[in-house]
Amino acid sequence: MLTKELVWLLYSQDELAAKNKQYLWHPFTQMKDYIEEEPLIIASGRGIKLFDVHGKEYYDGFSSVWLNVHGHNVPELNQAIIEQLDQVAHSTLLGMANVPSILLAEQLIRYAPAGLTKVFYSDNGATAVEISLKMAFQYWQNRGVAGKRSFITMNNAYHGDTIGATSVGAIPLYHQVYKPLLFTPYVIPYPYPYREGGDDAAVNATLDQLEKLLQEKASEIAAMIVEPVVQGASGMIIMPDGCLKKIADMLQAYDVLLIADEVATGFGRTGKMFACEHDGITPDIMAVAKGITGGYLPVAATLVKEAIYDAFYADYEEQKTFFHGHSFTGNPLGCAVALANLRLMEERQLVEQVAKKSEHLARVLQSFADETHVGDIRQKGLMVGIELVRDKETKEPYHWNERIGVRVCKLAREKGLLTRPLGNVIVLIPPLVSTDEELGDMVSILFESIREATREARVGVQ
């Protein structure tokens with residue numbers, strides 16, 4: 001790894017910044033804006049902090065895109081990779097196996113909701129979702145059930161950026177331009193209590209539309225995909241308790257599969273190992289990634305019930321094989337560090353700790369609820385969304401062009417906290433090992449930044 005000292009030895013900060021602007025195209029980044037400012041270039045990490053090439057430290061307030069569990073540079077996770085490197089760095093799963101992939105599959109099934117029995121590996125959350133969709137689609141064909149070729153998704157859903165995952169996405173800003181490439185799912189509302197009259201009204205609107213759709217179209221619908229309990233990229237929207245269970249029961253009654261996208265919510269993030277546990281449900285198919293390796297290496301998995309697997313289990317001549325795979329599927333290095341991550345989570349009782357920490361975090365967050373431009377504070381475990389509004393009484397949002405979220409996060413970065421906004425929603429998703437004191441520090445930085453940015457916005461309007 002290039003340490004801060006080694007970076008300085010090889011290149012100046014100015015040289016790195018120039019190379020960054022010349023050669024890199026950053027994801028989800030308008031490069032015209034980006035190259036006008038000095039770039040943040042990370043050189044190292046320790047604990048829950050990252051350090052740039054100038055030596056400045058920052059809280060990793062969004063877990064390096066929602067995936068860090070134990071912090072950075074964790075000795076136990078580092079050692080797991082080193083030990084596996086002494087054995088083999090990669091070996092395919094196409095027609096053979098490797099030791100870490102087998103052992104990790106066993107542990108994933110051990111931790112997963114009861115009834116999920118098989119693991120299919122891939123590389124990232126989008127591919128885990130892509131596999132889920134293809135499995136659901138082929139499942140019905142393999143069973144000889146004609147016509148079940150459509151999907152249900154929820155408004156403002158985000159499931160990744162591959163073509164299938166984009167097809168079941170429903171955020172116009174991200175997905176509209178690709179519409180000619182995509183298949184078209186049915187879309188029902190994700191319950192959004194802050195904007196839809198409270199928990200009961202929001203849940204009823206969702207369930208009423210789902211039931212109506214199923215009554216009319218169940219015979220042609222293969223599956224519904226859901227971000228369980230927390231819808232992430234839409235702005236950390238929290239599904240009220242019991243709603244997911246009612247969705248699952250309704251789908252089962254109409255013989256439609258349920259796909260749970262646990263890419264962001266899995267591995268302790270919400271105070272349960274998997275978010276589905278909050279409502280005590282087992283999906284037919286579950287996609288996981290992000291926290292699976294503790295934030296170290298790209299590993300993802302799609303877990304299924306035995307009935308799904310059985311639909312593909314047939315004589316060779318029947319051609320029911322699932323023809324899908326990735327070059328680095330079941331990579332031994334990734335699986336080895338994922339095993340170490342799960343062991344460390346258990347040793348530290350980390351999921352239980354997150355549940356306790358989230359109570360403290362909720363108290364800290366609520367002390368800021370009366371802020372003039374804080375419309376709603378949403379939290380599940382260590383997933384937080386703070387929705388900023390121009391007018392608190394009318395819930396009038398800031399206009400997109402005001403970049404209020406961008407301005408808050410820029411100020412937070414100057415004060416030593418890294419995160420990214422979701423439009424007008426400020427996100428806090430810290431590493432799971434963050435202490436109460438560290439959580440308090442991060443929240444304080446956020447609200448200092450919110451006050452400053454909203455004050456500037458008021459002055460700008462005048």
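Because only heavy atoms are used, hydrogens play no part in the values below, and waters and symmetry mates are left out as well, while side chains stay in.
Residues Asn156 and Ile171 share a closest heavy-atom pair of O-CG1, 3.4 Å. For the pair Leu67 and Gly295, the tightest heavy-atom approach, listed with the atom from each and the gap, is CD1-CA, 3.3 Å. Val408 and Leu446 make their closest contact through CG1-O, 4.4 Å (heavy atoms, listed as atom of the first residue, atom of the second, distance). When all heavy atoms of Asp33 and Arg403 are compared, the pair lying nearest together is OD2-NH1, 3.0 Å. Contact record, Arg348 with Val433: NH1-CG1, 3.6 Å, taken as the closest heavy-atom pair. The two residues Val203 and Pro240 come nearest to each other via the heavy atoms CG2-CG, 3.6 Å.
With contacts defined as side-chain heavy-atom distances shorter than 4.5 Å, the pair Phe51/Lys56 does not qualify. Using a 4.5 Å cut-off on side-chain heavy atoms (C-beta onward), Lys134 and Phe323 make no contact. The side-chain heavy atoms of Ile386 and Phe368, taken from C-beta on, include no pair separated by under 4.5 Å. Tyr186 places a side-chain heavy atom less than 4.5 Å from the side chain of Ser150. With a 4.5 Å cut-off on side-chain heavy atoms, Cys409 and Ser449 do not count as touching. Considering only heavy atoms from C-beta on, Leu116 stays 4.5 Å or farther from Leu108 through its side chain. Thr302 places none of its side-chain heavy atoms less than 4.5 Å from the side chain of Val119. Using a 4.5 Å cut-off on side-chain heavy atoms (C-beta onward), Val304 and Asp284 make no contact.
Between the Lys290 side chain and the Val65 main chain, a donor and an acceptor come within less than 3.5 Å of each other. At least one donor-acceptor pair closer than 3.5 Å links the side chain of Gln231 to the backbone N or O of Asn155. Looking only at distances, no side-chain donor or acceptor of Glu227 sits under 3.5 Å from a matching main-chain atom of Asp261. In this structure, Ser132 contributes its side chain and Ala128 its backbone to a donor-acceptor pair below 3.5 Å. At least one donor-acceptor pair under 3.5 Å links the side chain of Asn341 to the backbone N or O of Ile292. Remark: side-chain polar atoms of Asp52 are paired, donor with acceptor, to backbone N or O of His54 under 3.5 angstrom. Between the Thr153 side chain and the Val168 main chain, a donor and an acceptor come within less than 3.5 Å of each other. Remark: side-chain polar atoms of Arg378 are paired, donor with acceptor, to backbone N or O of Met236 under 3.5 angstrom. A donor-acceptor contact shorter than 3.5 Å links the side chain of His90 to the backbone of Ser327. Judged purely by atom type and a 3.5 angstrom limit, Lys118 has no side-chain atom pairing as donor or acceptor with the backbone of Tyr309.
Summarising the local packing, CD of Glu76 is surrounded by more than 12 heavy atoms from other residues, nucleotides or ligands at distances under 6.0 Å. No more than 12 heavy atoms of other residues, nucleotides or ligands shown are found within 6.0 angstrom of OH on Tyr313. Within 6.0 Å of atom CD in Gln30, more than 12 heavy atoms from other residues, nucleotides or ligands are found, so the atom counts as buried in its surroundings.
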**Request:** With salt bridge (Lys or Arg N to Asp or Glu O under 4.0 Å) as the test, would you mind laying out the steps for Arg110 and Glu346 before giving the verdict?
**Result:** CA-CA 12 Å; Arg110 175 186 164 214; Glu346 189 163 316; 2.9 Å; yes
**Request:** Assess whether side chain to side chain contact (heavy atoms under 4.5 Å, CB included) is satisfied between Asn424 and Val389, documenting all intermediate values.
**Result:** CA-CA 7 Å; Asn424 295 331; Val389 292; over 6 Å; no
**Message:** Assess the residue pair Lys49 and Glu438 against the criterion (salt bridge (Lys or Arg N to Asp or Glu O under 4.0 Å)); give the C-alpha distance rounded to whole Å, side-chain angles, the decisive distance to 0.1 Å, and a yes or no.
**Reply:** CA-CA 10 Å; Lys49 289 191 173 181; Glu438 289 166 336; over 6 Å; no
**Item:** Test side chain to side chain donor-acceptor pair (under 3.5 Å) applied to Glu83 and Gln79, step by step
**Value:** CA-CA 6 Å; Glu83 291 177 1; Gln79 188 61 34; 3.3 Å; yes
**Request:** Starting from the C-alpha separation in whole Å, work towards a yes-or-no answer on side chain to side chain donor-acceptor pair (under 3.5 Å) for Thr265 and Glu262.
**Result:** CA-CA 5 Å; Thr265 54; Glu262 289 259 16; 2.6 Å; yes
**Request:** For the pair Ser64 and Asn68, evaluate side chain to side chain donor-acceptor pair (under 3.5 Å) and give the outcome as yes or no after the intermediate values.
**Result:** CA-CA 6 Å; Ser64 296; Asn68 191 278; 5.4 Å; no
**Asked** What do the steps show when you test Tyr398 against His373 for side chain to side chain donor-acceptor pair (under 3.5 Å), and what is the final call?
**Response** CA-CA 10 Å; Tyr398 283 95; His373 294 282; 3.1 Å; yes
**Request:** Start with the C-alpha gap between Leu303 and Ile285, add the side-chain angles, then the distance that decides, and say whether side chain to side chain contact (heavy atoms under 4.5 Å, CB included) holds.
**Result:** CA-CA 6 Å; Leu303 282 60; Ile285 302 173; over 6 Å; no
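Put simply, the residue from Lys410, Lys32, Arg413 that forms a salt bridge (Lys or Arg N to Asp or Glu O under 4.0 Å) with Glu37 is Lys410. For the pairing with Met224, the side-chain contact (heavy atoms from CB on, under 4.5 Å) check across Ile259, Leu257, Leu210 returns one residue only, Leu210. Of the residues listed (Asn98, Ile81, Val99), the one engaging Pro332 in a side-chain contact (heavy atoms from CB on, under 4.5 Å) is Asn98, and it is the only one.
One distance of note links NZ of Lys380 with CE of Met239; it measures 11.0 Å at 0.5 Å rounding. Here Ile163 contributes atom CD1 and Leu181 contributes atom CG; the two are 5.0 Å apart, rounded to the nearest 0.5 Å. Within the model, atoms CG of Leu251 and NZ of Lys246 stand 14.5 Å from one another, a figure rounded to the nearest 0.5 Å. Note that OH of Tyr58 and CD1 of Ile42 are 6.5 Å apart. Values are rounded to the nearest 0.5 Å. In this structure, CD1 in Ile450 is found 10.5 Å from CG in Leu411, a value given to the nearest 0.5 Å. Distance check: Asp436 CG to Lys356 NZ gives 11.0 Å after rounding to the nearest 0.5 Å.
Classified by interplanar angle (parallel below 30°, tilted 30° to 60°, perpendicular above 60°), the ring pair Phe322/His324 is parallel. Using a 30° and 60° split on the angle between ring planes, Phe267 and Phe274 fall in the perpendicular class, above 60°. In this pair, Phe151 and Phe183 present their aromatic rings tilted. The plane angle is within the 30 to 60° band. A perpendicular orientation is assigned to the rings of Tyr174 and Phe28, their planes being inclined by more than 60° (bins at 30° and 60°).
A donor and an acceptor atom, one from each side chain of His278 and Asp241, are nowhere located under 3.5 Å apart.
Under a 4.0 Å N-O distance rule, the pair Glu387/Arg195 qualifies as a salt bridge.
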